[in-house]
Amino acid sequence: MQYKKIKDILNGQLTGNIITCAGWVRTRRDSKAGFSFIELNDGSCLKNLQIITDSQTEYNKNSIKDITTGSAVWVTGMCEKSPGQGQACEIKAQKIFLLGSAGSDYPLQKKNHTLEFLREITHLRTRTNTFSSIARIRNLLAFEIHQYFQNKGFLYLQTPIITASDCEGAGAMFRVSSLPFGSDYSVQNDFFGQEAFLTVSGQLEAETWACALGQVYTFGPAFRAENSNTPRHLAEFWMLEPEMAFYELEDNMNLAEDLVKTLCRAVLAGAPDEIAFFTERYDKTLFESLNKISMPFCRISYTEAINILEKADENFEFKPGWGTELHTEHEKYLTAHTAGPVIVFDFPASVKPFYMRCSEDGKTVRAMDVLLPRIGEIIGGSQREERLEILLARMQECGINTEHYRWYTDLRRYGTVPHSGFGLGFERLVQFITGMQNIRDVIPFPRHPGRAGF
RNA sequence: UCCCCGAUAGCUCAGCUGGUAGAGCAAAUGGCUGUUAACCAUUGGGUCGUAGGUUCGAGUCCUACUCGGGGAGCCA
């Protein structure tokens, strides 16, 4: 079926033509003399298209009364300038075909619904302004991510989702097994002949490609079995992980900062209606904070950050001190203090995983976290330890079986190079860019403790 | 996993110190010469999250559980 997108119709270029469009009815208003107004949305843009029907309009079955909220229709009619307020053009319907009706039990009413309620109807919330806007922004961001790295000559790499690495340095993992539930489990009888898990990160695998192809990036799902119940955590989420040979920590930070700025700019340019919508409805400061992102990110070492926190006139629940983790309250203080994004680098080795490069001071590693206002940590990365002896010593320190990671340490045995990379939580980026407060609202089908269905 | 808050009509909520339920919106019907979360009128709609307990009597008090929200931990 040939039909025009509402986005293109509202651009006004089709005015004066007889066209066909298709979509879902948001609402209908009737008036006497056979006049009715249908608000039609097809997901191509935030705005609805107004369809006017009168006594001349033909229907494939029944009548205007059956064109209810939620119904799917296709409409043929004349695209005209609208005499009414609120829209430049509208369709004077000649024919309306009801493709699929929606009864009075259709859950989405023409009123505001709470996000909590919409989470319970994950399969239908896509029909709302909020969730269709999120979908368009996710799409735009994913496309821009590929374009950004392709323009820089990075290779798009697919790392495995099933992994045997039982210790990638991040959180609890989901086990993968083909054996029936409740059977006497033995690894020998299982599908892979060894324990297998869903990946928590493609980083280690990405390093093998970076150390052959130069600069690569992965963009795919990651899984964490942590029992985390917060508006910032998911059990299944999407992660972008660039990995670059010949990059040191400063190059890594430059890339991360430029990437975040480029993506924010792209959304401001590519989805202005959506950003205006989110600013109006969810966070009045959103537009302003996205614009402010073009200013240089504040960069401070972990040691400086601790100094700032120790001097702060703030009653922290966790006392800041050199060698301790930065807690949420500390991150919030730092981003509020500088009124923008902050990159913290050179963390104590004791709070970071084995693969990060040890500094000359013998105490810190070349790690960096990008912290955003409202969101907290959006990027975590580091320069990787490329010196074999130091890496092996660190692995032993962390209690990691070096034999299981022979393939990883081989990269240091043969033609080792300085290299760096980071991981960006895609949903946290979408949260930052939309102003949505709960991460469960920025992924199509959220998975978290106690929920894997619709 | 820990702390706090919540669960009453399809949705959002009210329901006081215990006396068996109410509003707005939605829906259905009717009215209204172009509306724009249209408007006006009428009607229908509820084992008050689940299971126990206290009481003559529980939406209301107590306990446990389930689910949801906020904060924390862990992290992207």
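In the text below, chain A, chain B and the rest are named by the order of the sequence lines, each starting its count at 1. Being a predicted model, the structure only gives us computed values, none of them experimental.
B:A37 is unpaired under the criterion used here, namely a Watson-Crick or G-U wobble arrangement in which both key atom distances are under 3.5 Å. Partner assigned to B:G57 is none, using Watson-Crick or G-U wobble distances below 3.5 angstrom. Checking B:U63 for Watson-Crick or G-U wobble geometry (two distances, each under 3.5 Å) identifies B:A51 as its partner. Pairing partner, B:C16: none, since no Watson-Crick or wobble contact has both distances short of 3.5 Å.
Relative to the ring axis of A:Phe97, A:Lys95 does not place its NZ or CZ within 45° and under 6.0 Å from the centre.
The pair A:Arg384-A:Glu243 meets the salt-bridge criterion, with a side-chain N (NZ, NE, NH1 or NH2) lying under 4.0 Å from an Asp/Glu carboxylate O.
With hydrogens and angles ignored, a donor-acceptor pair closer than 3.5 Å exists between the side chain of A:Ser228 and the base of B:C74. Taking only distance into account, the side chain of A:Arg428 meets the base of B:C75 through a donor-acceptor pair shorter than 3.5 Å. For B:C75, the base has a donor-acceptor partner in the side chain of A:His233 [N/O atoms by modelled type, under 3.5 angstrom]. A donor and an acceptor atom sit less than 3.5 Å apart, one in the side chain of A:Gln87 and one in the base of B:U35. Under 3.5 Å, the side chain of A:Asn112 and the base of B:U12 form no donor-acceptor pair of N or O atoms. Side-chain atoms of A:Gln85 and base atoms of B:G34 include no donor and acceptor less than 3.5 Å apart.
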Enumerate the protein-to-nucleotides 24-27 of chain B contacts in which both atoms are nitrogen or oxygen and the separation is below 3.5 Å.
none

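Around the OH atom of A:Tyr3, the shell of radius 6.0 Å holds no more than 12 heavy atoms that belong to other residues, nucleotides or ligands. For A:Lys47, the NZ atom sits in a loose shell: 12 or fewer heavy atoms of surrounding residues, nucleotides or ligands are nearer than 6.0 Å.
For the pair A:Met436 CE and B:G69 C1', the interatomic distance rounds to 14 Å; values are reported in whole Å. The interatomic distance linking A:Glu329 (CD) with B:A72 (P) rounds to 8 Å, in whole Å. Distance CG (A:Leu115) to P (B:G68): 15 Å, rounded to an integer number of Å.
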inquiry  = At under 4.0 Å between heavy atoms, how does the protein contact nucleotides 41-48 of chain B? Give one character per nucleotide, 5' to 3', with B, S or -.
reply    = --------
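Looking at A:Arg366 and A:Asn252, their side chains never bring a donor and an acceptor atom within 3.5 Å of each other.
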